[in-house]
Structures are given as C-alpha cells and as structure tokens.
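Have a look at the structure below before the remarks.
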Amino acid sequence: MSKKIYVAYTGGTIGMRPSDAGYAPGDNLMGLLEEKLPADVMASLPEFDLYEYPQLIDSSNIRPDNWKQISSDIASRYDDYDGFVVLHGTDTMAYSCSMTSFMLQNLQKPVIFSGSQIPLCEARTDGLENFVGALTMAADDRIKEVCLYFNGRLLRGNRSRKLNAYLFDAFDSPNYHWLGRADIHVELNEALLWKPTARENFQLACSSDTHVGILQLFPGITAQWMESALNQPMDAFILRTYGTGNGPDGDQALLDTFAKATANGKLIVNLTQCHRGTVHQGSYAAGSALARAGIVGGLDTTTEAMFCKLHHLYSLGMSTEEVKGMLSISLAGEVSI
Ligand code: ASP
C-alpha cells in the first residue's frame, strides 16, 4: 500500500537563499523541489504533503517553543500519515531530534529529521539526496523512532551529533552504531532499531523557561568562576569533564563549590568532553572526588540528548531526586545501560 508522508519545513540551509548578510531562511520550498525534480521523478517518491512553518528559522535560533511546535504538529497529524520528515537546520538538529524523541515517546511510526549543508538553490546542493533519502526512510514502517538522515546515514536522533561544519558527512552517532545506510541499496540494521514496548506516549509539555545550563572544565578553572555559573537560576547543569569523568581533585575550593550547589538542590550531571566514551566516576580518584561532591554520572548520553532529557523531565514537573533516578533509564534509546 502506498505511504503518505508529512513533511514539516522549519527552516535551515536546505531552503535558504543568499542575502547581503549571508544565507537566510527562504520560503516556497515546494517550488524549489519542483524546479529540481522532474514530475516523473517526483511521482516516483512516496506521496507527501509539505507544510512550511510561518516563521522559518536558522536553527541557531532554536528555543523550547520551537520544540513544542514541532512535536505538537506531528502529534496532531499522527493518525493521518504513515511517517514524518522534519526539515531543519543542521546546527541544532541533534538537539531537536533528541527533544522530539522524548516528547513523542513510544512512536509506532518513523520521524526523520534532515536538512543540508548547501541550499537547494545552489548547483552542488546535497539537499536533494537528503530530502529523497529522508522521505524513503519515513516510508519504512520498520522504523518506529526519531532518526536523523544525512548523507546516506540513518542515525538514532538522540545519539546524533553534528561533528563537521564543512563535509556532507556532517553527522555521526559516536556512542551508537548507525541504524542504516542508503547506498545503491537501502539497508537497515534492524537489530538496532528501537522497539517500543508500550503504546505511544506523547508528552507535549515543554517549558519555555531554561532549566539546564552547560558548563565545561578547562585547565586553571577557579572556584569563583564555577560559583558564579552555578548561581544562575537553573535546576540542573551538565558539567563537561575530562576523559571518563575526571576533574581537578587537587582543588578543594572547587570541589566545595560543587558540593554546596548539589547540597542546595542543584543537579550536576557529569558528561565527558571526549568525542566518544562513557563516564565512570569511579575509574580515577579525580572522578570519585566529583561523585563525593554530589555530581552524578551521565554515562554515554550525548550533551545534546542530556540537555533535552533534563529539560523534558523538569518540564514534566519532576523533582531533582526524581530526575536523578531517570538518568540511568533509557527513555528512547539515548543511553547504553
Ligand atoms: N545555520 C544553519 C542552520 O542550522 C546551518 C544548516 O542548516 O546547515 O539553520
């Protein structure tokens, strides 16, 4: 039976046009696609309806309200379509995929994010292949999760990261295998696909307030610097540490600053600055010291996914203790346990 796909165009390079200030979001994406794809080729694609958001954005402008808009949009059309494509800027696509995976839990249909590095209006665009590939994946009912399709790779959305600003190979999922590839043949790694165990659970609450901050250790960081950051009115902080989750255990003032913040109810989650790997705070004394200061390890969750997971859980009204208990639970395949 032929599939019907809903395409949400939120902005991003794929539909951008040149302006005096550089590329800027452009409308009439359907017109561009019709220019590029002859009618008989278009007719060979899965049938789709394309909806262009009234306010198209460069994804560097993403805010929680945009996540609410994307997830509610999909939820409201869920029964009318077999799959969904979200065309989005690449800069923050990994965040939006992650957030959507938490808001639209236990999906039974594919939701595929994609975009491009060169706009469709340019001769060397990668947008056409990405669009057609994303549509193909969205028509595959073996996929029941939020994914990111780019340059032939199908990645779990909440495992993905933008790792290259110049190559067409812009995305990877450093701590999880690719879910599939589109070369001459389209192949899915079925054993790795997310298998929902319950019915759809759409939790569309997404607070507009910022709950989570991201901090990073650097050589010579001081307790005063950290204290002023931790005094920001956030519920939780991601602390990007070294290696397997290590920090300067020789700096007692810094450790005291962390301990004071966690004792005051702030959640501090330890993630590594390394491109690939997982946090084990007990591997080194320099990591154990952080654990003693009340910092919690975030395992191999990406910074993008952890940011969104925390934002999502606090948006649902959970307390810090409750959120802490969810860090080692995989909500949508974002963490290896
Ligand atoms: N700045 C653009 C965006 O994220 C980059 C892109 O789409 O590739 O919207």
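Both ligands and their constituent atoms are indexed starting at 1 by order of listing.
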Exercise. Give the atoms of ligand 1, by number and element, whose distance to some non-hydrogen atom of G12 is under 4.0 Å.
Key: 7 (O), 9 (O)
Quiz item: CG/L271 to CE/M306 distance, rounded to the nearest 0.5 angstrom?
Solution: 5.0 Å
Exercise. Would you check the N or O atoms of T90, main chain and side chain alike, for any that come under 3.5 Å of an N or O of ligand 1?
Key: yes
Self-check item: N-O pairing of R153 and D169 below 4.0 Å
Solution: yes
Quiz item: For atom 5 (C) of ligand 1, which protein heavy atom lies nearest, and how many Å away is it?
Solution: T13 OG1, 3.2 Å
Quiz item: Which of the listed options, I57, D91, I118, holds the heavy atom that is closest to atom 2 (C) of ligand 1?
Solution: D91
Quiz prompt | Protein contact to atom 4 (O) of ligand 1 [nearest heavy atom, distance to 0.1 Å] | solution = S59 OG, 2.5 Å
Practice problem: Assess A170 for proximity to ligand 1: is some non-hydrogen atom of it under 4.0 Å away? | Solution: no
Self-check item: Residues in ring pair (Phe, Tyr, Trp, His ring centres under 6.0 Å) contact with Y176, at least two apart in sequence or another chain
Solution: none
In residues 16-23, what donor-acceptor pairs under 3.5 Å come from side-chain atoms, sequence neighbours left out?
{"from": "S19", "atom 1": "OG", "to": "A21", "atom 2": "N", "distance (Å)": "3.2"}
{"from": "S19", "atom 1": "OG", "to": "G22", "atom 2": "O", "distance (Å)": "2.5"}
{"from": "Y23", "atom 1": "OH", "to": "E122", "atom 2": "OE2", "distance (Å)": "2.5"}

Quiz item: Quick check: are there more than 12 heavy atoms from other residues, nucleotides or ligands sitting under 6.0 Å from CZ of R63?
Solution: no
